[in-house]
Number of protein chains: 2
Amino acid sequence: MNKKQLIIEAAIKVFARDGLEKGKIADIAKEAGIGKGTVYEYFRSKNDIFKVIEESVFSDFSIVFEELNSSTLSPTKKLSNLLEQGIDMFMEMGDVLLIIMELWAQAGRGHVHGSDSSLFVEYYDNFRKGVESILSDGILSGEFRDMNKEGVATLLLAFMDGLGWQFVILKDSKKINKIKSEAIESFMRGISN
Amino acid sequence: MNKKQLIIEAAIKVFARDGLEKGKIADIAKEAGIGKGTVYEYFRSKNDIFKVIEESVFSDFSIVFEELNSSTLSPTKKLSNLLEQGIDMFMEMGDVLLIIMELWAQAGRGHVHGSDSSLFVEYYDNFRKGVESILSDGILSGEFRDMNKEGVATLLLAFMDGLGWQFVILKDSKKINKIKSEAIESFMRGISN
DNA sequence: ATAATATGACTGACCGGTCGGTCGGAATAT
DNA sequence: ATATTCCGACCGACCGGTCAGTCATATTAT
């Protein structure tokens with residue numbers, strides 16, 4: 001079995017439970033059933049582990065997004081599916097959201113694991129551009145009203161993130177599912193023609 | 001001059017810059033121009049400082065919210081003002097958002113500064129209820145479509161938070177202002193009748 | 001004079017990262 | 001076949017730096 005992956009999974013568990021700073025390498029090792037030194041055979045440092053977790057989360061998102069974006073669905077369908085699947089992904093992530101939240105705060109602080117540019121900024125720009133192009137298509141086809149595309153794209157991202165954060169506190173999946181459908185309904189109404 | 005307040009302001013500056021864990025008491029003291037020991041004359045512990053910051057943020061929000069909610073404006077006006085003012089507050093908070101984000105993650109983790117119930121849960125429930133009652137009024141008056149009130153109320157909170165988090169990364173107030181008006185427009189359309 | 005307040009040197013717990021050493025198994029020699 | 005050498009994954013004791021919180025002393029206020 002791939003030990004690097006094993007360590008990452010243990011790390012996610014530990015960081016989600018204890019936080020990025022309080023989560024100890026020793027505990028990650030214990031969780032993975034290996035010695036502490038072994039962790040350092042696979043990762044240079046604690047920050048390195050953060051980075052790998054961050055990348056894996058975003059790559060999951062990107063895959064779903066690219067797949068959807070390159071489909072032949074109508075703009076309306078594309079966007080509502082994006083919301084639906086995005087929210088589902090957040091819900092499935094569970095405690096990983098807590099890690100993302102902390103990483104995000106780090107990104108906002110501008111000194112992310114040593115380097116100064118953040119994956120967050122990069123990926124979000126990318127998502128935003130993708131959403132904007134769907135909006136353009138929808139405006140052309142007459143499905144969507146005319147609008148400030150960048151604003152609405154940001155709004156869509158904000159919606160998804162915000163719901164994710166609400167879930168962090170609510171932790172009630174029945175309630176959340178009702179909220180989800182209402183959210184999608186409201187958003188689509190807000191931009192439809 | 002109130003030294004407690006002085007310390008809180010210094011603490012906010014330091015925590016926003018360095019994060020809750022990495023932010024040092026010694027730096028807070030230096031920032032406030034006092035000795036480290038003096039901090040402990042006014043606060044029992046680092047966690048105690050967190051708690052006070054959290055309370056002060058929420059109480060600011062509550063004041064704005066209560067004032068607006070008890071006004072005689074129409075439901076439509078109430079909600080759009082709430083969005084407008086809420087977003088403005090987020091923007092003014094600047095780096096304080098980073099602190100809130102970390103506190104939120106702590107809250108989600110469920111062991112917030114020792115105690116197990118979180119101010120976040122409490123306050124959000126409160127806001128949600130307030131928004132739900134505005135929505136009820138608006139549905140009765142025919143301004144809003146019929147809807148799952150709890151869902152839309154959650155959505156509104158998610159929306160505001162989500163925009164706040166986007167700002168954390170965007171940091172471009174001109175762009176943000178355009179986004180803000182488009183966001184409010186879209187949201188209000190989404191629930192209007 | 002003495003109470004109240006301020007201070008920063010000090011302490012001890014904590015933890016990320018290191019490094020010398022172990023050990024099972026693979027490769028090679030006999 | 002089996003003895004010998006080699007390899008590198010694995011380990012955890014240890015080190016060095018850090019920092020929250022304490023406390024004996026100093027300063028200021030009454």
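Just so it is clear: chains get the letters A, B, ... in the order the sequence lines come, proteins before strands, and each one is counted from 1. Fair warning: this is a prediction, and the values are worked out from it, not measured in the lab.
In this model, the phosphate group of D:dA9 is not approached by any side-chain N or O of A:Thr38 to a distance below 4.0 Å at OP1 or OP2.
Atom CD1 of A:Ile7 and atom P of D:dA9 are 12 Å apart (whole Å). Distance OH (B:Tyr40) to P (C:dC10): 18 Å, rounded to an integer number of Å. As rounded to whole Å, 15 Å separates atom P of C:dT18 from atom CZ of A:Phe43. Distance CG (A:Asp48) to P (C:dG16): 14 Å, rounded to an integer number of Å. Distance CG (B:Asp27) to C1' (D:dA20): 13 Å, rounded to an integer number of Å. Whole-Å rounding puts the A:Phe15 CZ to C:dG16 C1' distance at 11 Å. For the pair B:Leu20 CG and D:dA20 P, the computed distance is 12 Å after rounding to whole Å. At whole-Å resolution of the value, CD in A:Glu21 and P in D:dC19 are 10 Å apart.
B:Tyr42 comes within 4.0 angstrom of the backbone, heavy atoms only, and of no base. Residue contacts for A:Lys36: at a heavy-atom cut-off of 4.0 Å it reaches a base atom on one of the strands shown. Within 4.0 Å of B:Gly23, counting heavy atoms only, lie sugar-phosphate atoms of the nucleic acid but no base atom.
Between A:Glu41 and A:Ala26, the one whose closest nucleotide on DNA chain C sits nearer the 5' end is A:Ala26. Comparing A:Arg44 and A:Lys22 by the nucleotide of DNA chain C that holds the closest heavy atom to each, the one mapping nearer the 5' end is A:Lys22.
For the residue pair A:Arg189/B:Ser186, the side-chain donor-acceptor check at 3.5 Å is not satisfied.
Contact of the B:Glu150 side chain with the A:Glu182 side chain is not registered, since no non-hydrogen atoms from C-beta on lie closer than 4.5 Å.
Between A:Phe127 and A:Tyr123, the ring-plane angle classifies as tilted under the 30° and 60° cut-offs.
When distances are taken from the side chain of A:Lys24 to each of C:dG16, D:dC11, D:dG21, the shortest belongs to C:dG16. Taking only side-chain atoms of B:Lys3, from C-beta outward, the nucleotide of C:dA6, C:dG16, D:dA20 with the closest atom is C:dA6.
Evaluated for a ring-ring contact (aromatic ring centres under 6.0 Å, His included) with A:Trp104, the options A:Phe50, A:Phe120, A:Phe58 yield exactly one hit, A:Phe120.
Checked against the 6.0 Å centroid criterion, the rings of A:Phe167 and A:Phe90 do not qualify as a close aromatic pair.
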